[in-house]
Amino acid sequence: MVMIWENLTVTIGADKKKKLLDGVTGFAQPGRIMAVMGPSGCGKTTLLTSLAGTHAANVAEAGNIQIKGKRRNLYSKEVSFVGQEELFLGTLTVKETLTYSANMRLPSKMTKQEIDKVVEDTIIEMGLEDCANSKIGNWHLRGISNGEKKRLSIGLEILTQPFVLLLDEPTSGLDSASAFYVIQALSNIALKGKIVICSIHQPGCETFNIFDDLLLLSSGETVYFGEANMALKFFADAGFPCPIKRNPSDHFLMSINLDFDFINEALARCHVLIRVSQETTILMSSVADLPCGRRSSATDPNDGPVLWY
Ligand SMILES: Nc1ncnc2c1ncn2[C@@H]1O[C@H](COP(=O)(O)OP(=O)(O)OP(=O)(O)O)[C@@H](O)[C@H]1O
């Protein structure tokens, strides 16, 4: 019941020499929310659009993406992608926008009452009750807040109940409290048995703590992939302890930015950065049997880093 991406390589150019992603491997489980982090330009959006099957026409993709044991189908309704762009009709209210989209996208055999129920549930799930009847707004009409717009974008995608929800920086431009609220809402969606993966830039401590899993990228390569709460130990073991009072996510990015070759070498010495290998392939094929949901090991402080490949 997992989503797997194996040896994912994305290149541009006729000669396919420039690699935007270089053999990235990982998996995501239902019931868990994963953060994709890394410096600007490291390939976060590229990874998410590849997983969603919506990458630009000028890039070439190689590798294997599977959902529930089957190769990802580009036209599958199981995967939804929420990009950074928000395109709304400013003169419609939040509820009108959701109702319009629900009528267009939900099965035509559904009755008006059933569609209204889906819209109401989505409004509650995304905490949009207070602004349900407010106009979204545009350049000359003051409307809902940026945080509410982000939650509306997510609401539009969860109308169809996708199994996998991919989001590109759902908290960009939000203050820390609004960002926390958005990620909390996404975590609640994951808890309903969905896979949620989102890129995020330097979340605050409280927001970071919501994430179950973390994928850290640098220059299109994996630096860390595992449980989010084990990343600090991972970096400390590799010789990059997080100073007291520094935000962990700041620390990861600062360490990566030091010198990728240096950190890569240090991490490899610790036998924790393991590149795609024969063993990985075997391990990857066995993750399909993992149970869904948050694992008890995440709460056991005596456990070492759980490295999934
Ligand atoms: N279609 C494309 N054509 C050419 N170059 C591209 C294309 N898509 C991405 N890139 C380049 O690939 C690299 C990774 O881009 P990507 O948008 O995935 O990074 P990111 O980690 O999401 O960055 P940011 O945090 O700044 O949004 C960048 O150098 C970008 O310029």
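Ligands are counted one by one from 1 in listed order, and the atoms in each one are counted from 1 as well. All residue numbers refer to positions in the sequence shown, counting from 1.
The nearest protein atom to atom 17 (O) of ligand 1, hydrogens excluded, is given as Thr45 CB, 3.5 Å; this is a heavy-atom distance. Looking at atom 14 (C) of ligand 1, its nearest protein heavy atom turns out to be Gly41 O, 3.3 Å.
Contacts between Ala56 and ligand 1 below 4.0 angstrom, taking non-hydrogen atoms only, involve the side chain exclusively. Residue-level proximity to ligand 1 for Thr46 is carried by backbone and side chain together, each with a heavy atom below 4.0 angstrom. When heavy-atom distances to ligand 1 are checked against a 4.0 Å cut-off, Asn58 comes that close only through its side chain, counted from C-beta outward. When heavy-atom distances to ligand 1 are checked against a 4.0 Å cut-off, Leu47 has no atom that comes that close, whether in backbone or side chain. Of the heavy atoms in Leu20, only side-chain atoms (C-beta onward) come closer than 4.0 Å to ligand 1.
A donor-acceptor contact closer than 3.5 angstrom is absent between the side chains of Thr99 and Glu96. Looking only at atom types and distance, the side chain of Glu61 has a donor-acceptor partner in the side chain of Ser50 under 3.5 Å away.
Note on Lys233 versus Glu227: no salt bridge recorded, every NZ/NE/NH1/NH2 to OD/OE distance being 4.0 Å or above. Between Lys19 and Glu221 there is no salt bridge, since no side-chain N of the basic residue sits under 4.0 Å from a carboxylate O of the acidic one.
At a 3.5 angstrom cut-off on N or O pairs, Ile12 does not count as close to ligand 1. Residue Gln84 has no nitrogen or oxygen atom sitting less than 3.5 Å from a nitrogen or oxygen atom of ligand 1, judged on distance alone.
Under a 3.5 Å cut-off, the side chain of Ser249 and the backbone N or O of Pro203 do form a donor-acceptor pair. Distance alone, capped at 3.5 Å, places no donor-acceptor pair between the Ser101 side chain and the Thr97 backbone. In this structure, the side chain of Ser178 does not engage the main chain of Leu174 through any donor-acceptor pair within 3.5 Å.
Of the residues listed (Phe240, Phe234, Phe252), the one engaging Tyr224 in a ring-ring contact (aromatic ring centres under 6.0 Å, His included) is Phe234, and it is the only one. Under the side chain to side chain contact (heavy atoms under 4.5 Å, CB included) rule, Leu165 has a single partner from Val79, Ile197, Ile33, Ile154, which is Ile154.
Atoms of ligand 1 found under 4.0 Å from any heavy atom of Gly43, numbered from 1 in the order shown, are 14 (C), 18 (O), 19 (O), 20 (P), 21 (O). Shown in contact with Glu169 at under 4.0 Å from a heavy atom are these atoms of ligand 1, numbered in order with element: 25 (O), 27 (O). When each atom of ligand 1 is checked for a heavy atom of Val59 under 4.0 Å away, the hits are 1 (N). For ligand 1, the atoms closer than 4.0 angstrom to any heavy atom of His201 are 25 (O).
For atom 26 (O) of ligand 1, the protein comes within 4.0 Å by at least one heavy atom. Within a 4.0 Å radius of atom 30 (C) of ligand 1, the protein has no heavy atom.
Ile123 and Leu92 are not part of a single hydrophobic cluster, where members link through side-chain heavy atoms under 4.5 Å apart.
At a 4.0 Å cut-off, not a single heavy atom of Gly38 sits close enough to ligand 1 to count as contact.
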